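For clarity, every value in this text was computed on a predicted model and none was experimentally measured. By convention here, the first residue in the shown sequence is residue 1.
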Amino acid sequence: MKPSRCLVVASLPLWIGCGDFTPVQTPLVHGDGGAAGASLNGCTPEMFVDRSAAGASRTVGFGGENGSGGFSFAPKCLSIAAGQDVTWVGAFASHPLTRGVPGDTNGGAAGNPIPTTMTGTSVTVNFPRPGTYPYVCGMHAFLGMTGVVVVR
Ligand SMILES: [Cu+2]
């Protein structure tokens, strides 16, 4: 059988076979869309909201609080300064807070101070050190209910 198609990727010494051609897909990063470049828990660098100013709100709502949707955090991608606090507000019994990325509580920077929180409606967490600290809703991470605190 005569090959119907060949594909050469010019910039790479890569020769993808002739004949049956299957599109090559870039693996998704944490299943969040696979955008090019760094993406963590659905946050790309341009998505971070800087709340490091002295009077800025560092409250993250979820389950309808603070402008969030039922299955999301708001702001989802938050940037603060070392030493500042972040307060999560919502019903933890319905949306248990867990550090890390979906399926890996050790994802992100070491020393993630976000505590597993399964009861109550508010928790305040201090972030003493710079780093990238992802977190998820333990029940709805698969729906994209994930977020990141970057401490600069
Ligand atoms: Cu949830």
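- F73 and V86 fall within a single hydrophobic cluster, where Ile, Leu, Val, Met, Phe, Trp and Tyr are joined by side-chain heavy atoms under 4.5 Å apart, directly or via other members.
- F127 CZ to R152 CZ: the interatomic distance, rounded to the nearest 0.5 Å, is 13.5 Å.
- Summarising the geometry, atom OG1 belonging to T105 is positioned 7.0 Å from atom CZ belonging to R99; distances are rounded to the nearest 0.5 Å.
- When atom types are taken as modelled, the side chain of R51 and the backbone of A56 share no donor-acceptor pair closer than 3.5 angstrom.
- Although no hydrogens or angles enter the test, the distance criterion places a donor-acceptor pair under 3.5 Å between the side chain of N41 and the main chain of Y135.
- Looking at every heavy atom in both residues, N126 comes nearest to Q84 through ND2-O, 3.5 Å.
- Tracing side-chain contacts under 4.5 Å through hydrophobic residues (I, L, V, M, F, W, Y), one reaches V151 starting from V123; they form part of the same cluster.
- In the hydrophobic clustering of this structure, V148 does not group with M145; members are Ile, Leu, Val, Met, Phe, Trp, Tyr whose side-chain heavy atoms approach within less than 4.5 Å, directly or through other members.
- Atom CE in M47 sits 11.0 Å away from atom CG in L40 (nearest 0.5 Å).
- Residues N112 and I114 come closest through the heavy atom pair OD1-N, 3.0 Å.
- Of the possible donor and acceptor atoms, one in the side chain of T117 sits under 3.5 Å from a partner among the backbone N and O of P115.
- The two residues K76 and C43 come nearest to each other via the heavy atoms O-SG, 3.8 Å.
- Put simply, I80 and V150 are part of two different groups of oily side chains (I, L, V, M, F, W, Y) that touch within less than 4.5 Å, one to the next.
- Using the six-membered ring where Trp is involved, H95 and F62 have ring planes that are perpendicular, over 60° apart on the 30 and 60° scheme.
- Put simply, the side chain of P113 reaches to within 4.5 Å of the side chain of Y133, judged on heavy atoms.
- Two residues are said to be in side-chain contact when any heavy atoms from C-beta on lie closer than 4.5 Å; T116 and P96 fail this criterion.
- Once rounded to the nearest 0.5 Å, the distance linking CZ of R58 with OG of S52 reads 7.5 Å.
- Atom CG of D85 is separated from atom OG1 of T59 by 10.0 Å, given to the nearest 0.5 angstrom.
- Taken to the nearest 0.5 Å, the CZ atom of F92 stands 10.5 Å off from the OG1 atom of T98.
- The two atoms that bring V89 and E65 nearest to each other are O-CB, 3.4 Å, heavy atoms only.
- V136 and F142 are not part of a single hydrophobic cluster, where members link through side-chain heavy atoms under 4.5 Å apart.
- Shown here for P134 and G107, the closest heavy-atom pair between the two residues is CG-O, 3.4 Å.
- When all heavy atoms of P102 and T146 are compared, the closest pair comes out as CG-CG2, 4.1 Å.
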